[in-house]
Amino acid sequence: MPTNKIGILGFGCVGQGLYDVLQENHQLEVARICVRDKNKERKLPASAFTFDAQELLQDESLVILTELISDPAEALTLIRQALEAGKTVVSANKKAVAENLPELIALQQKYGSRLLYEAAVCGSIPILRTLESYYADEPMQEVNGILNGSSNYILTRLDTEGISYKEALQQAQELGFAEADPTLDVGGYDALHKICIIAAHAFGVVVDVREVLRFGIESITTEDVDLAHKLGARIKLVASAKYTAAQQLQVQVLPTFVWPDNELYYVQNEFNGVQLEAKYAGKQFLKGRGAGSHPTGSAVWADVSAALKGYKYTYPKLKPAPAAPATNTLQLYIRSKGDFPIPDIKWEEVVSFGVSHEAVQLVGVVKKEELLRHQATLESRSTFVVEVPEALSAMEFIQKALQQERVVA
Ligand code: HSE
């Protein structure tokens with residue numbers, strides 16, 4: 001009979017995944033599960049549930065609390081309260097963690113409490129523990145990857161089956177990968193929250209999420225997917241954090257053309273993949289299920305087990321001051337939609353090429369600040385923005401696209 005009791009706040013996709021894992025492993029007793037909706041039909045008897053989170057927060061017999069609800073504001077309130085009461089909390093809420101990291105670190109220090117959140121970043125991939133423990137001392141040069149399962153699932157379906165964006169999004173929702181508000185997934189916000197959490201553990205830099213360059217995949221069309229095919233590439237939503245030559249930390253989330261020489265090319269469906277580059281170890285690659293009930297439940301369980309053995313994050317690289325945003329340029333492919341013109345961006349260099357009469361396509365190099373200045377307009381006009389790795393020049397990119405076009409014709 002297990003002796004340790006655990007409280008579960010939230011019984012959605014992740015809460016149910018954790019419950020299943022715990023039931024099979026008999027190491028912890030689930031005291032109560034807190035849910036909001038009193039009328040929802042559930043697979044467990046009513047006696048398993050409470051509707052009052054305070055019942056769990058004030059239960060001194062619980063050794064650990066898991067916060068697995070989808071509302072970030074409510075999650076933050078519960079995490080705060082638990083940490084102030086000196087409790088150990090495991091959370092999967094990336095938005096609540098990413099946007100409030102300095103406060104959450106300070107609360108742990110002040111009250112001697114603990115917060116672990118491996119499940120918040122890349123589902124089942126043990127990325128935070130790897131960065132925190134294994135790479136506690138070794139400087140990191142770059143971390144990048146596919147950090148959002150839903151958008152990767154959608155991009156994969158568009159790429160391999162040619163189904164519509166809407167249909168692919170619906171599938172991601174039905175499979176339980178997408179957030180309650182899927183804009184977080186397809187708009188790149190979820191990947192943004194995850195890369196900011198990664199940056200704190202990999203580089204010791206707390207990044208202000210509002211200052212990070214971010215574009216999502218909502219505006220992708222079959223025209224963009226076809227172009228990627230012609231180039232021999234795939235479009236992936238890539239989040240990255242890396243030091244520039246000027247030693248500034250550059251953090252961004254952008255759809256990106258990825259070729260078969262990049263491990264991320266082979267990360268398909270709801271899988272996530274993370275590439276690490278450490279100063280002495282060199283490059284490494286981690287791949288696994290980034291979303292879904294049992295994979296994410298597994299990550300919560302791993303945190304719960306580790307916490308019970310005394311594990312906590314020490315933020316070994318944490319720097320005292322927040323980082324100034326990096327100043328850098330980006331090489332981009334931009335495709336306008338319908339009659340909407342591409343805004344008047346001040347390009348460093350630009351070449352336009354048209355493949356259809358309904359859109360303008362161009363490749364250009366732009367300063368990040370200039371792109372940020374036009375971000376809202378680009379998004380409101382459903383313009384699709386994709387990073388083109390600098391290894392390929394604009395002319396090479398266009399030649400490849402047009403050469404293939406001629407061959408196909
Ligand atoms: N909505 C998230 C994703 C769930 O699709 O990756 C896992 O964090």
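Both ligands and their constituent atoms are indexed starting at 1 by order of listing.
Closest to atom 5 (O) of ligand 1 among all protein heavy atoms lies Ser150 OG, 2.6 Å. Of all protein heavy atoms, the one lying nearest to atom 7 (C) of ligand 1 is Gly290 O, 3.3 Å. Closest to atom 2 (C) of ligand 1 among all protein heavy atoms lies Glu179 OE2, 3.1 Å.
In this structure, Gly123 falls outside the shell of residues with a heavy atom less than 4.0 angstrom from ligand 1. Ligand 1 lies out of reach of Glu270, whose nearest heavy atom is not under 4.0 Å from it.
For the residue pair Glu132 and Tyr315, the shortest heavy atom distance occurs at OE2-N, 3.1 Å.
Only side-chain heavy atoms of Asp185 come within less than 4.0 Å of ligand 1; its backbone N, CA, C and O stay farther off. Looking at Lys194 against ligand 1, only its side chain comes within 4.0 Å, counting heavy atoms.
Numbered from 1 in the order shown, with element, the atoms of ligand 1 that lie under 4.0 Å from a heavy atom of Gly149 read 3 (C), 5 (O), 6 (O). Residue Lys94 has at least one heavy-atom neighbour below 4.0 Å for each of these atoms of ligand 1: 2 (C), 4 (C), 7 (C), 8 (O).
Note: His201 NE2 to Glu118 CD = 8.5 Å, rounded to the nearest 0.5 Å.
In this model, no donor atom of one side chain and acceptor atom of the other lie less than 3.5 Å apart for Ser150 and Glu179. Between Glu174 and Gln170, the side chains place a donor N or O and an acceptor N or O closer than 3.5 Å (distance only, hydrogens not considered). Using a 3.5 Å distance cut-off with no hydrogens or angles, the side chains of Tyr135 and Gln284 do pair a donor with an acceptor.
More than 12 heavy-atom neighbours from other residues, nucleotides or ligands sit within 6.0 angstrom of NZ on Lys319.
Results of the side chain to side chain donor-acceptor pair (under 3.5 Å) test with Glu370 over Lys368, Arg373, Lys367 single out Arg373 as the only residue that passes.
Remark: ligand 1 and Phe177 share an N or O pair separated by less than 3.5 Å (distance only, no angle test).
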